K.L.:
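Handing you this structure, nothing more for now.
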Amino acid sequence: MSVDAEEVVLQSPLMYRVLRERGGALILEAVVGGAAMYAVRVRLLPSEAAEFAAQGARFSDRLAREIMANPRLGGRAYDPAD
Amino acid sequence: MKRRSALLPLYIALVVAGCAKEAPTAVAAAEPAKVEPAEAPKAPVEAAADPAISTGKCDEKQAAISQQADQRAQPWGITQHLAKNFPDMKVSWLMKEAPYQNFVVKTGAEKFGRCDDNGCFLFAAPTAVIEAAVQKSMTGEVHDPAALGQALGLPAKNFEGPLRMMTLDLRASEACVRLPVDEDPGVWKCQSEADKDCFVFGGYTSGKVPELMVINAPVAQATVKEIP
């Protein structure tokens, strides 16, 4: 899916953003790494999307920090199509 | 002051040469306070040691974190780290093109790094190290991700596609620098032996590349180079 087909729902100074795909699914894209930075994406589970809807940045900050601390996130993370 | 002025450059030279293992406090121990009874030190010893080496302008909170990190790293510390690994006070870091565009350019970021209420936090390495790694990785017009990854001790995947190399002169920007700590934003906690780019305390990456934490690195003062 091209970037144009995505809507930026939240852009955080913590270097992550929440995107909504055309189909409605939410994705969290976070910049990970140290002196060599790259981005990974995680598609939010329905329960996480609900938490994001309820808590907004409070939830996404927490999830983003979790991804930065563990960029594979148990196999859930994938590379964005650069 | 004359005696201190004469001895401290020697101490720094020993640190740079890897001969001195003691923290700056050892300098104070070697030079009893009685030498200069009339004049109490007004600045930290490391700041006086070499004016070319500076940790920049750190706020109270970052200064306290830095002090704790230095205590944990003893006999190492940010001053020795700068003197040995960042003698020209120039730092660099790399970003893939897409994140650079999405998180720096499009947002009109004024500071590099991950920002929260305490500032913007950025991992950086010596410019000379990054520059040499990039140069070595160039095959014709483009870089070889595998060669760059190998040179920096990181997975090749992190370097696929076009990159940006940012460089900041710490002397000019006076950005605060310290040893990175576990609580810093963006710290990747090592999960297994296989992890090659996770955080290890002490100022070196798991790939043995020197690193430090730069706080509030101004975008306007950094140079940005395209790495095709």
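Predicted, not measured: the structure shown is a model, and the values here were computed from it. Note: hydrogens, waters and symmetry copies are ignored here, and every other heavy atom, side chains too, is used. Numbered from 1 within each chain, the chains take letters A, B, ... in sequence-line order.
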K.L.:
What part of B/Tyr100 is in contact with chain A, defined as an atom under 4.5 angstrom from a non-hydrogen atom: side chain, backbone, both or neither?
P.N.:
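Neither part.
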
K.L.:
Based on non-hydrogen pairs under 4.5 Å, which of B/Gly113, B/Gly161, B/Pro162 is most in contact with chain A?
P.N.:
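Looking at each of B/Gly113, B/Gly161, B/Pro162 in turn, B/Gly113 comes out on top.
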
K.L.:
Give the interface residues of residues 114-124 of chain B toward chain A, defined by a heavy-atom separation under 4.5 Å.
P.N.:
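So the qualifying residues are B/Arg114, B/Cys115, B/Asp116, B/Leu122, B/Phe123, B/Ala124.
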
K.L.:
Could you tell me which of A/Ser12, A/Ala30, A/Gly33 has the largest number of non-hydrogen atom pairs under 4.5 Å with chain B?
P.N.:
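Option with the top pair count is A/Gly33.
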
K.L.:
What part of B/Lys157 gets closer than 4.5 Å to chain A, counting heavy atoms only: side chain, backbone, both or neither?
P.N.:
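When you check distances to chain A, only side chain atoms of B/Lys157 fall under 4.5 Å.
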
K.L.:
Is atom CD of A/Gln55 surrounded by more than 12 heavy atoms (other residues, nucleotides or ligands) closer than 6.0 Å?
P.N.:
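Yes - once you tally the heavy atoms of other residues, nucleotides and ligands closer than 6.0 Å, there are more than 12.
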
K.L.:
So which heavy atom on B/Ser92 is nearest to which on A/Ala35, and how close?
P.N.:
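Looking at all heavy atoms of both residues, the shortest contact is O-CB, 4.4 Å.
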
K.L.:
For residues B/Pro185 and A/Arg65, determine if any side-chain heavy atom of one lies less than 4.5 Å from a side-chain heavy atom of the other.
P.N.:
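Touching, per the 4.5 Å side-chain cut-off.
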
K.L.:
Check the pair B/Asn102 / A/Arg17 against side chain to side chain contact (heavy atoms under 4.5 Å, CB included), numbers first and verdict last.
P.N.:
CA-CA 9 Å; B/Asn102 291 330; A/Arg17 57 186 188 157; 3.1 Å; yes

K.L.:
With rounding to the nearest 0.5 Å, note down the distance linking CH2 in B/Trp188 to CZ in A/Arg72.
P.N.:
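The distance works out to 4.5 Å.
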
K.L.:
Answer yes or no: is there a side-chain heavy-atom contact under 4.5 Å between A/Met37 and B/Trp93?
P.N.:
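A/Met37 vs B/Trp93: side chains touch.
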
K.L.:
Using a cut-off of 6.0 Å, state whether more than 12 heavy atoms not belonging to A/Glu48 lie near its atom CD.
P.N.:
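Enclosed: over 12 neighbouring heavy atoms sit under 6.0 Å from CD of A/Glu48.
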
K.L.:
Counting only non-hydrogen atoms closer than 4.5 Å, does A/Asp61 touch chain B with its backbone (N, CA, C, O), its side chain (CB onward), both, or neither?
P.N.:
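It is neither, since no heavy atom gets under 4.5 Å.
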
K.L.:
Could you measure the distance from the CG atom of B/Leu154 to the OH atom of A/Tyr38? Nearest 0.5 Å is fine.
P.N.:
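B/Leu154 CG to A/Tyr38 OH: 8.5 Å, rounded to 0.5 Å.
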
K.L.:
Determine yes or no for a side-chain-to-main-chain donor-acceptor pair under 3.5 angstrom, with A/Gln11 supplying the side chain and B/Phe103 the backbone.
P.N.:
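A pair under 3.5 Å: no.
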
